[in-house]
*Asks:* 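Below: one structure in structure tokens.
Quantities reported herein were computed from a predicted structural model and do not represent experimental measurements.
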Amino acid sequence: ISVGAYPWTINYVPTTDTYSPLNLNLNIWFAGYTDYDWTDPLTGLRYRESFKDSSFQYFSANFGLPSLKIGDWEIDSDIGINHYEPDSPFYDETFLDVKVRFIQDGQFFSWSPSLAIGGWYLGGRVDLDAYEHPDSSHPCFYLVESKYIFIPHFTTEISVGYMWNNFGIDEEDVVMAGFSSALGTEKLWFCFDYYGGDFGAYGFSLFYYVTKNIWFQPVYFYPVERNYKADASKFGVRKISLKDYDSPSLWIGLYYNFEF
């Protein structure tokens, strides 16, 4: 099973997996843009920053809630709190997440997938558009299904889903998909995912169980489209085209899991 930043995910795309009951998972991420170099067509200013200059830290704590069993039904869930540093005008520092898996893998038939709903950026938002700064938060909600395929030495989980208010962006709803696969051992996984929208990206990572409770994951995101058309109506321009506005980014995460 693979996890990622924020709630339990592949890289960015959530899966139906939840943290084990009464497990507390703490993780820290160091992230930054690897090719941040674009020019503002309104001012002519060039924004060029290194990975170090554009870097930020991300802290998250997630807790697995006790399973709820009703007859043959088992409902699993977790909650989390997330925090960014340093302070930025483009995203809120702290927000919450929650996920509920209400159908288990293979619950009805051997081939039936698991199903979960979740909320993200609750009480906060990320604003990737420097020209538009929403004053209120736009919580993100998603519906996702996942299926484990047990291939000898290459156990694979495939997930597809739909997300409302992607990245907390109001009215940007996106499709998402991805998979994670063991690479000959359950200790090492390769993860790939895709999500759409104006800031859609492909994510690639390796996830490694250093020990039972210490996990390590480097993630590389590459934008589907680096150019972007921004709404700059508040500057008297309806739309402007920004070349190379979106940038690839590298995330390096370390997790520690406490079992109670």
*Asks:* For Ile10, does its backbone N or O pair with a side-chain atom of Ser180 as donor and acceptor, under 3.5 Å?
*Replies:* no

*Asks:* Answer yes or no: is there a side-chain heavy-atom contact under 4.5 Å between Asn11 and Phe204?
*Replies:* no

*Asks:* If you look at every heavy atom in Ser54 and Tyr33, which pair is closest and at what distance?
*Replies:*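 Taking Ser54 first and Tyr33 second, the nearest heavy atoms are OG-N, 2.9 Å.
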
*Asks:* Any non-hydrogen side-chain atom of Ile103 less than 4.5 Å from a side-chain atom of Trp73?
*Replies:*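 Heavy-atom side-chain distance check passes, below 4.5 Å.
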
*Asks:* Do Leu122 and Phe141 make a side-chain contact, defined as non-hydrogen atoms from C-beta onward lying under 4.5 Å apart?
*Replies:*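 Yes - at least one pair of side-chain heavy atoms lies under 4.5 Å apart.
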
*Asks:* If you look at every heavy atom in Pro218 and Leu206, which pair is closest and at what distance?
*Replies:*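 Heavy-atom minimum between the residues: CD-O, 3.0 Å.
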
*Asks:* Donor-acceptor check, side chain of Glu74 to backbone of Gln104, threshold 3.5 angstrom: yes or no?
*Replies:*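 Not confirmed, Glu74 side chain does not pair with Gln104 backbone.
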
*Asks:* Does Lys239 have more than 12 heavy atoms from other residues, nucleotides or ligands lying within 6.0 Å of its NZ?
*Replies:* yes

*Asks:* With heavy-atom distances below 4.5 Å as the criterion, would you say the side chains of Glu85 and Phe59 are in contact?
*Replies:* yes

*Asks:* Under a 3.5 Å threshold, yes or no: a donor from one side chain and an acceptor from the other, between Asn166 and Tyr12?
*Replies:* yes

*Asks:* Would you say the side chains of Thr18 and Asp76 form a donor-acceptor pair under 3.5 Å?
*Replies:* no

*Asks:* Could you walk me through whether Leu250 and Phe30 pass the side chain to side chain contact (heavy atoms under 4.5 Å, CB included) test, one step at a time?
*Replies:* CA-CA 8 Å; Leu250 177 64; Phe30 182 74; over 6 Å; no

*Asks:* I would like to know whether Cys140 and Met163 meet side chain to side chain contact (heavy atoms under 4.5 Å, CB included); could you show each step before the answer?
*Replies:* CA-CA 7 Å; Cys140 160; Met163 184 177 290; 3.3 Å; yes

*Asks:* Can you label the angle between the Trp38 ring and the Tyr245 ring as parallel, tilted or perpendicular, going by 30° and 60°?
*Replies:*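 Because their plane-to-plane angle is over 60°, the rings of Trp38 and Tyr245 count as perpendicular.
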
*Asks:* Under the ring pair (Phe, Tyr, Trp, His ring centres under 6.0 Å) criterion, do Phe258 and Tyr256 qualify, and how do the steps go?
*Replies:* CA-CA 7 Å; Phe258 296 88; Tyr256 192 86; 4.7 Å; yes

*Asks:* Looking at Thr16, Thr15, Asp17, which hits side-chain hydrogen bond (donor to acceptor under 3.5 Å, both in side chains) with Ser114?
*Replies:* Thr16

*Asks:* Side chain to side chain contact (heavy atoms under 4.5 Å, CB included) between Asp246 and Phe199: does it pass, once the steps are laid out?
*Replies:* CA-CA 7 Å; Asp246 203 2; Phe199 296 97; 3.8 Å; yes

*Asks:* Establish, from distance only, whether the side-chain atoms of Tyr209 and Glu186 form a donor-acceptor pair under 3.5 Å.
*Replies:* no

*Asks:* Does the side chain of Phe56 reach to within under 4.5 Å of the side chain of Pro86, using non-hydrogen atoms?
*Replies:* yes

*Asks:* Ignoring hydrogens and angles, tell me if any N or O in the side chain of Asn165 forms a donor-acceptor pair with the backbone of Pro139 under 3.5 Å.
*Replies:*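 At least one qualifying donor-acceptor pair exists.
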
*Asks:* If the threshold is 4.0 Å, N to carboxylate O, is there a salt bridge linking Lys99 and Asp78?
*Replies:* no

*Asks:* Less than 4.5 Å apart, any side-chain heavy atom of Cys191 and any of Gln217?
*Replies:*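 With C-beta onward as the side chain, the pair touches.
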
*Asks:* Tell me which one of Tyr162, Phe167, Tyr142 satisfies ring pair (Phe, Tyr, Trp, His ring centres under 6.0 Å) with Tyr195.
*Replies:* Phe167

*Asks:* Can you tell if the side chain of Asp37 reaches within under 4.5 Å of the side chain of Arg46, non-hydrogen atoms only?
*Replies:* yes

*Asks:* In sequence, state the C-alpha distance, the side-chain angles, and the governing distance for Asn27 and Ser60, and then conclude on side chain to side chain contact (heavy atoms under 4.5 Å, CB included).
*Replies:* CA-CA 5 Å; Asn27 60 74; Ser60 179; 3.4 Å; yes

*Asks:* Under 30°, 30 to 60°, or over 60°: which ring-plane class applies to Trp251 and Trp29, parallel, tilted or perpendicular?
*Replies:*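 Taking Trp29 first and then Trp251, their aromatic rings stand perpendicular (interplane angle over 60°).
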
*Asks:* Run Phe179 and Trp189 through ring pair (Phe, Tyr, Trp, His ring centres under 6.0 Å) and show every step you take.
*Replies:* CA-CA 10 Å; Phe179 73 92; Trp189 293 69; over 10 Å; no

*Asks:* Quick one: does Thr156's side chain have a donor or acceptor within less than 3.5 Å of a partner on Phe154's backbone?
*Replies:*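 Yes, Thr156 side chain to Phe154 backbone: donor-acceptor pair under 3.5 Å.
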
*Asks:* Has the side chain of Thr185 got a donor or acceptor atom that lies under 3.5 Å from a matching backbone atom of Leu188?
*Replies:*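 Checked: no pair found.
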
*Asks:* Would a hydrophobic clustering, with Ile, Leu, Val, Met, Phe, Trp and Tyr connected at side-chain separations under 4.5 Å, put Leu96 with Trp164?
*Replies:*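 Yes, it is one cluster - the side chains of Leu96 and Trp164 are joined through contacts under 4.5 Å.
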
*Asks:* How are the rings of Trp215 and Trp8 set relative to one another: parallel (under 30°), tilted (30 to 60°) or perpendicular (over 60°)?
*Replies:* perpendicular

*Asks:* Looking at Tyr148, is its backbone amide N or carbonyl O close enough to the side chain of Asp105 to form a donor-acceptor pair, meaning the two atoms are under 3.5 Å apart?
*Replies:*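 The answer is yes, because a donor-acceptor pair under 3.5 Å joins these two groups.
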
*Asks:* Do Pro248 and Arg226 make a side-chain contact, defined as non-hydrogen atoms from C-beta onward lying under 4.5 Å apart?
*Replies:*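 Result yes, sub-4.5 Å side-chain heavy-atom pair found.
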
*Asks:* Distance from Asn23 atom CG to Phe63 atom CZ, nearest 0.5 Å?
*Replies:* 8.0 Å

*Asks:* Report yes if the distance between the aromatic ring centroids of Phe95 and Tyr121 is under 6.0 Å, otherwise no.
*Replies:*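 Distance test on ring centres: under 6.0 Å, yes.
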
